[in-house]
Q: 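Let me give you the structure first, and then I'll get to my questions.
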Amino acid sequence: MSEFLNELNEAQRAAVVNTEGPSLVIAGAGSGKTRVLTYRIAWLLSQGVSPSNILALTFTNKAAREMKERIARLVGDKYARYLWMGTFHSVFSKILRQESARIDYGHDYTIYDSTDSKSVIKQIVKEMGLDEKQYKPGMIASRISMAKNNLLSPVDYAGNRALIEDDKRARLYRMQDIYFAYNKRLKQANAMDFDDLLFNMNLLLEQNEDLREKYSSIFRYILVDEYQDTNYCQSRIVKQLAEPLNNICVVGDDAQSIYSFRGANIDNILGFRNMFGGAQLFKLERNYRSTQNIVDAANSLIKKNEGQIRKNVYSEKEAGERLHVSAHENDRHEGEFIAKTIQQGKRSGKAQYDGFAVLYRTNAQSRVIEDELRKLGIPYRIYGSVSFYQRKEIKDAIAYFRLVVNPSDDEALLRVINFPARGIGETTMRRVLDTAHRADVPAFAVVSDPQRYALESAAAAQKKLTGFAALINSFREQAQTEDAYVFAQNVLKQTAVMSAALADKSAEGQDRYDNLQELLGSIHEFSDARRQQGEETKITDFLAEVSLLTDQDEHLDDETPRVSLMTIHAAKGLEFPVVIIAGLEEQLFPSAFAESVREIEEERRLFYVAITRAERECYITYARQRFRNGQIVFSSPSRFLKDIDEQYLDRSGEKRTIVQPQWQPSWLQSEWRREPEERPMPAATRKLSKTTGMQPSADKKPIETAFAAGSRVRHATFGDGTVRETFEENGNEKIVVRFDTKGEKTLLLKFAKLERL
DNA sequence: TGTCTCATTTTTTTT
DNA sequence: AAATGAGACA
């Protein structure tokens, strides 16, 4: 039964069989972390522990799924199926649904995603009459999130001197009030945001001794993956669940902690042995993934960080090639290089396409690379950009389901009340919301019965509202009786969502229709899968799952091996024979936002993660200029390149290519990152006026702008045919300055293909 | 109300 | 470049 233990090395085996009491497994990159977790679970099962007594928490859905599959392969699906395995969020959300009454929530609570949250915040800021420029929803949302991650309720927040001081410094004096109102609003909508799932889970355990006992007796063995990425709240929950047996095993690598922006606290892993006295420590230091050069290079990099748990990661594979660093003239050339490298690598048999991964710091970098891959006909797959469930039409469709199941869900209501158009406009909705908030009721209540809440709207508008309410209400019964798929089909048909998409003959309309069909298909699939396990599926079951799906495998049917493109964050836990890391430039990687040493160190860990994804070869690229936010910016090589010992690098690729721009318009750099108040005249206008010698139009209307760096001024062509100056860029594109004669006296700059002068 | 146009702003990573 | 916001106009 347990001969599989032979497949482990000594350190791994020790970590696997030491099941009683707390243990901390520090697992260097590529040292078989997942292996230890899966084998530990398999081992527990082989010792007669029931799968329903094991709780395994992971960071992503994908990790959970893969681990489950691996366990099923070891011990059979009939055990694996009953394991409690999933992300923190999904497991806790299931428990919270079960126990929702205890925290005074309805069973069918909605989970608000970050878009919903920001929208709520925006409304609150507006209603409080605050400046939206000052109180940016994203900023507010992240502060609230941090508070929740640290278990601070609005009341705690208001009582926290440090936070209040900090808010003052950021000129967010009403922060605490917004937090308070935000939570109230969510409660009213019977909704939780991502952080509430954790916050409330902790609350549930803290306030109910019986539940604490119930769940800690169910979860007799607890395993936590990626422990370095957990936040304070998560660690408290785990602590409560683990007691009194404390059969808890956490696995992680402090060197790979890259989620502090999400509240992850590296102290959790560093302080684990304080929280759980007598915890055993296991160190996995042998890397099975990468060649020595790669491991050594990564080690030399991470050594530049302070405050690590000492460990000595080593590889016993061959030395392998050095890491190839190359410089490129601009982002397009960089993309071209990447595509060619992959093409050649494939031809010379280094790997199939799916053996290559291109990693980058930001999603925005993927586009150019995609373009170049496509030019060479290389199949690729992008992970994690706009996921299927984030598309507008899908969110709209789901909002209908949400609203039917949970009529208090104001965000869902707002999304769909005028989609497809029903003649219910902004003004009406403004009034509805005002009325609802004043009466402390969900918006849907006002929509259903405007009279009762004395809504000040025209009779015609009121009729439209009640009509909409009737439509939604007519679905309510079906939601409870019908199968999810049948229900979804009905709703999309009767609300005309489907027909609206079908009527749209544009390419995007076609796409939208296909996507809706695909959504129906996936509901169908979901329902079928559950039927095979003997469970009926209602739409609420689907909703409970879908809101926590993010990267969800948009199951590609074809089996074509594809190159993977993703952010480094998304690449954590994966490995590829050949890894290409793009955009190693200051202001990009490390990100321009990383200022403090702490933040820089996190960026460095990110680079460490990127390098250690590679099994055999690693390419690192950077560009001298890059198109960013509609402007060309100049960049210098990342400081991180200097952090790797020279002996592991092959820097020959840096010498060939460099072309410094011959002529650089001085304003290109000086305009970058200038504060708005220092700009008396719109920058674009000034630029143009400077270059052309023309005066800006009287009303100082800004002008669309696009000057290429490294361009050479020749003459310009104006709309009326006069030629003054042209900008030639590296022989490929030119920019013509035009004088737009129709309408306002505005100046326009346009790109045009270059006919050689 | 809804649609179009023009201007401004955005800057990371994600359960 | 792309998304958001404001204002004009039908």
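No hydrogens, no waters, no symmetry mates; every other heavy atom, side chains included, goes into these values. Sequence lines set the chain letters: A, B, ... in the order given, protein chains first and strands last, and positions in each chain run from 1.
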Q: Determine: side-chain N/O of A:N363 to OP1/OP2 of B:dT13, distance under 4.0 Å, yes or no.
A: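 True: A:N363 side-chain N/O within range (under 4.0 Å) of B:dT13 OP1/OP2.
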Q: Against the six-membered ring of A:F59, is A:K572 placed for a cation-pi contact (under 6.0 Å from the centre, within 45° of the normal)?
A: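 Yes, a cation-pi geometry holds between A:K572 and A:F59.
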Q: Going by the salt bridge (charged side-chain N to carboxylate O under 4.0 Å, His left out) test, name the single residue among A:R402, A:R415, A:K122 that passes it with A:D116.
A: A:R402
Q: Establish whether the base of B:dT13 is bridged to the side chain of A:R262 by a donor-acceptor pair shorter than 3.5 Å.
A: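 Side chain to base: no pair below 3.5 Å.
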Q: Whole-Å distance between B:dT15 P and A:H89 NE2?
A: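 Rounding to the nearest Å, NE2 of A:H89 and P of B:dT15 are 9 Å apart.
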Q: Find the distance A:Q234:CD to B:dT14:C1' and express it as a whole number of Å.
A: 12 Å
Q: Please classify the nucleic acid contact of A:F59 as base, sugar-phosphate, or nothing, using heavy-atom distances under 4.0 Å.
A: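 Sugar-phosphate only.
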Q: Taking the side chain of A:F593 as heavy atoms from C-beta outward, which of C:dA2, B:dT13, B:dT12 is closest to it?
A: B:dT12
Q: Could you list the residues that satisfy ring-ring contact (aromatic ring centres under 6.0 Å, His included) with A:F88, not counting sequence neighbours?
A: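 Listed in chain order: A:F92.
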Q: Are a donor atom and an acceptor atom from the side chains of A:R604 and A:N305 found within less than 3.5 Å of each other?
A: yes
Q: From NZ of A:K126 over to C1' of C:dG5, roughly how many Å is that when rounded to an integer?
A: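 So the two atoms are 9 Å apart, to the nearest Å.
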Q: Tell me which of A:K133 and A:E603 sits closer to the 5' end of DNA chain B, going by the nucleotide each one is nearest to.
A: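 Of the two residues, A:K133 wins.
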Q: Tell me which nucleotide among B:dT14, C:dA1, B:dT13 gets nearest to the side chain of A:Y259.
A: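 Minimum distance to the A:Y259 side chain belongs to B:dT14.
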Q: Hey, what are the protein-to-nucleotides 1-5 of chain B N/O distances that come in under 3.5 Å?
A:
{"from": "B:dT1", "atom 1": "OP1", "to": "A:T428", "atom 2": "OG1", "distance (Å)": "2.1"}
{"from": "B:dT1", "atom 1": "OP2", "to": "A:T427", "atom 2": "OG1", "distance (Å)": "3.0"}
{"from": "B:dG2", "atom 1": "OP1", "to": "A:N418", "atom 2": "ND2", "distance (Å)": "3.3"}
{"from": "B:dG2", "atom 1": "OP1", "to": "A:G423", "atom 2": "N", "distance (Å)": "3.4"}

Q: Salt bridge check, A:R431 against A:D434: does any charged N sit closer than 4.0 Å to a carboxylate O?
A: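 Here A:D434 does not pair with A:R431 in a salt bridge, since their nearest N and O are not under 4.0 Å apart.
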Q: If I take atom CD in residue A:E545 and atom C1' in nucleotide B:dT15, what distance separates them, rounded to the nearest angstrom?
A: 15 Å
Q: Sequence neighbours excluded and cut-off under 3.5 Å, please list the side-chain donor-acceptor pairs for residues 133-142 of chain A, or say none.
A:
{"from": "A:Y135", "atom 1": "OH", "to": "A:Y173", "atom 2": "N", "distance (Å)": "3.1"}
{"from": "A:Y135", "atom 1": "OH", "to": "A:R174", "atom 2": "N", "distance (Å)": "3.2"}
{"from": "A:S142", "atom 1": "OG", "to": "A:M139", "atom 2": "O", "distance (Å)": "3.3"}

Q: Can A:F261 be classed as stacking with the base of B:dT12, given a centroid separation cut-off of 5.5 Å and a plane angle cut-off of 30°?
A: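 Here A:F261 fails the 5.5 Å or the 30° condition.
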Q: Atom NZ of A:K392 to atom P of C:dA2: distance rounded to whole Å?
A: 19 Å
Q: How close or far is atom C1' of B:dT12 from atom CD of A:Q587, stated in whole angstroms?
A: 13 Å
Q: Would you call the rings of A:F526 and A:F542 parallel, tilted or perpendicular, taking 30° and 60° as the class edges?
A: perpendicular
Q: Using atom CG of A:D229 as one end and atom C1' of B:dT13 as the other, report the distance to the nearest whole Å.
A: 11 Å
Q: Between A:S114 and A:S591, which residue's closest nucleotide on DNA chain B lies nearer the 5′ terminus?
A: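 Mapping each residue to its closest nucleotide by heavy atoms, the 5'-most match is A:S591.
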Q: Check for a donor-acceptor pair, side chain of A:R361 on one end and backbone N or O of A:L588 on the other, with a separation under 3.5 Å.
A: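 Side chain of A:R361 to backbone of A:L588: no pair is present.
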Q: In terms of side-chain heavy atoms of A:K122, which of B:dT15, B:dT14, C:dT4 is nearest?
A: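 Nearest to the side chain of A:K122 among the choices is C:dT4.
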Q: Mind checking if A:K136 touches a base, just sugar-phosphate, or nothing, with heavy atoms under 4.0 Å?
A: sugar-phosphate
Q: Quickly work out the A:R361 CZ to B:dT14 P distance and round it to whole Å.
A: 9 Å
Q: Take atom C1' in C:dG5 and the same atom in B:dT12, then report the distance between them in whole Å.
A: 23 Å
